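First listed ligand is number 1; within each ligand, the first listed atom is number 1. These numbers were taken from a predicted model, which means no experiment stands behind them.
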Amino acid sequence: MASMMGVWAFGQSLLQTVFPPELRFASLKFFYRLLNWFSSYCYYDITEIDGVNTNELYNAVQLYLSSSASIIGTRLSLTRGLNSSTITFGLSNNDRLVDTYNGATVEWEHVVSQRQSQTFSWRPLPEEKRGFTLRVKKKNRQVVLGSYLDFVMEKANEIRRKNQDRLLYTNSRGGSLDSRGHPWESVPFKHPSTFETLAMDPVKKAEIMADLLDFASGESFYQRTGRAWKRGYLLYGPPGTGKSSMIAAMANYLGYDIYDLELTEVNTNSDLRKLLMKTSSKSIIVIEDIDCSINLTNRNKNNGGGSANSGGRKNNHDASSPAPPGANGEEGGSTITLSGLLNFTDGLWSCCGSERIFVFTTNHIEKLDRALLRSGRMDMHINMSYCSFPAFKILLKNYLGYEETDLEKQVLDELEGVIDEAEMTPADISEVLIKNRRDNKKAVQELLEALKTRAERNRSKKLLESNRNEVEDEEQEKRALDIPKEGFDHLLESCNNCEEEDDEKIH
Ligand SMILES: Nc1ncnc2c1ncn2[C@@H]1O[C@H](COP(=O)(O)OP(=O)(O)OP(=O)(O)O)[C@@H](O)[C@H]1O
Ligand SMILES: [Mg+2]
């Protein structure tokens, strides 16, 4: 120790003798550079506040390190964010952590120091100055700058999404903005529906799940093919067949937020666009009962004569009534129109975010405009139909804990025999099962009876209908015979000349 101090004192006096005071600072700088030159490491500082703005990379690194810190750290800082139900771990002050990436070893140090004199700032800065120092071997510099930091950002986003409760947004405030200028209101989304609990044909289910996964991991595909990274699903079918449950299952499967768009609350096309702009990536934008939300007449009809407002919002006013002052059709922007909706899903504005899924639901697909159904707009049309036998088996398992083998073969056969004819929705079947869930045998018995009754009723109804149709056909035939031959020729000619749009006229 004594000899070391001696060397230090000698070195200092030598420095003072050899270098005059004005050269001393420059020589120290040179000495430092020389050391750096020979060092095999380089260092990167990532401070919490970059000037006056929060440095996103700092937050990302903190989150990223939390995934490895939780396993090996002995002293960790714990945080729980807003809208989060999980606790994240972080490096404590001045702690270090070694990480490896693509064969390169890097070391992170969390550096915390007291902030010196507060310089004037419109935003008060925290008293502590925090940051991460990343130590990397010089030979690995390219790897770190090239892809490691991107990898850290990506991983952090993933962790953030996983930790954060997903949100269900709605625009039920009728377009008014909150204090932060946001048009959406949100609540934590905790719907328990998953693809496992969803009763539907397993093959169809697997197809939808694969499609969703392809979409979520298809960034490079969409980039390569020049398509906006979005996908549209149209769910149609009778009430109670699981359309809303399917949306919840999709959100739970992909970990996306849901924006439940209430079209009747949107006044104009431009409001619709603003709402779209305020949605985040990795989200599902839902319009339920699309046929009831706006008057979905063909876009072409809006242009040619008639009420300029046809195609506008249903609850605004009837399509046949005169347009109110200022409501000059779809482009006027004074009301929401089909065209506005199509632009919302498909136009240039639809890609002002990425990785978004549009889901429309309807009970009456036949009421929808063809423009809305064309491929590319709604990529997948999913028919949510009455409960089939494979779907029924899923309900039995969910509600009664029954596997196929737990039921007698004869009962199973009976159930299979009537289920298609009964045309009961999964909601109807669930009701019977819930009611009797304390007594499995009774549940199955009651269900079988309900299915048989419904099947019988449907059979009679169909018989009656076919009888009526036969009578009607006979009457029509008779009437047709009364039409003179020229009449038929005239009709035939109009049919041959007709355009697709004249369908209604021919009818
Ligand atoms: N396929 C299904 N799998 C599991 N449960 C279902 C299914 N379909 C319906 N249910 C049950 O029935 C209830 C109603 O279903 P859901 O709201 O998803 O139907 P929907 O098709 O959206 O009906 P609507 O057209 O009236 O909106 C749900 O709470 C769910 O428990
Ligand atoms: Mg629904």
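Remark: atom 29 (O) of ligand 1 lies closer than 4.0 Å to no protein heavy atom.
Atom 5 (N) of ligand 1 has as its closest protein heavy atom Leu395 CD2, 4.3 Å. In this structure, atom 1 (N) of ligand 1 lies nearest to the protein heavy atom Ala199 O, 2.8 Å. With respect to atom 25 (O) of ligand 1, the closest heavy atom belonging to the protein is Lys243 NZ, 2.9 Å. Nearest protein heavy-atom neighbour of atom 27 (O) of ligand 1: Ser244 OG, 4.0 Å. Scanning the protein for heavy atoms near atom 26 (O) of ligand 1, the closest one is Pro239 CB, 3.5 Å. In terms of protein heavy-atom proximity, atom 31 (O) of ligand 1 is closest to Tyr399 OH, 3.9 Å.
Under a cut-off of 6.0 angstrom, the local environment of CD in Glu408 is sparse, with at most 12 non-hydrogen atoms contributed by other residues, nucleotides or ligands. Residue-environment remark: CZ (Arg459) exceeds the threshold of 12 foreign heavy atoms within 6.0 Å. Taking a 6.0 Å sphere around NZ of Lys397, one finds it holds 12 or fewer heavy atoms contributed by other residues, nucleotides or ligands. Atom NZ of Lys155 has 12 or fewer heavy atoms from other residues, nucleotides or ligands within 6.0 Å.
An N or O contact shorter than 3.5 Å is missing between Pro426 and ligand 1 by distance. In terms of polar-atom proximity, defined here as any N/O pair under 3.5 Å, Gly240 does make such a contact with ligand 1. Taking distance alone, with nitrogen or oxygen atoms compared against 3.5 Å, Ser430 stays at or beyond that limit from ligand 1. Where the criterion is an N or O separation shorter than 3.5 Å, residue side chain and backbone included, Gly242 meets it with respect to ligand 1. Between Glu288 and ligand 1, not a single N/O pair is under 3.5 Å apart.
Counting the atoms of ligand 1 from 1 in the order shown, those under 4.0 Å from a heavy atom of Ala427 are 9 (C), 12 (O). Counting the atoms of ligand 1 from 1 in the order shown, those under 4.0 Å from a heavy atom of Asn363 are 25 (O). Atoms of ligand 1 lying under 4.0 Å from any heavy atom of Thr197, numbered from 1 in the order shown and given with element: 3 (N), 4 (C). Each of the following atoms of ligand 1 lies closer than 4.0 Å to a heavy atom of Ser245: 15 (O), 16 (P), 18 (O), 28 (C), 30 (C).
Using a 4.0 Å cut-off between a side-chain N of Lys or Arg and a carboxylate O of Asp or Glu, Glu288 and Lys243 do not qualify as a salt bridge.
Taking the six-membered ring for Trp and thresholds of 30 and 60 degrees, Tyr253 and Phe195 have ring planes more than 60 degrees apart, a perpendicular arrangement. In this structure, Trp184 and Tyr259 have perpendicular ring planes: the angle between them is above 60°, well past the 30° mark.
Side chain of Ser245 to backbone of Ser193: no donor-acceptor contact under 3.5 angstrom is found. Looking only at distances, a side-chain donor or acceptor of Asn171 sits under 3.5 Å from a matching main-chain atom of Glu262. With hydrogens and angles ignored, the 3.5 Å screen pairs no side-chain donor or acceptor of Arg273 with any backbone N or O of Ser270.
Lys205 approaches Leu198 most closely through the heavy-atom pair NZ-O, 2.8 Å.
In summary, an N, O or S atom of Ser244 is located under 2.8 Å from the Mg ion (ligand 2).
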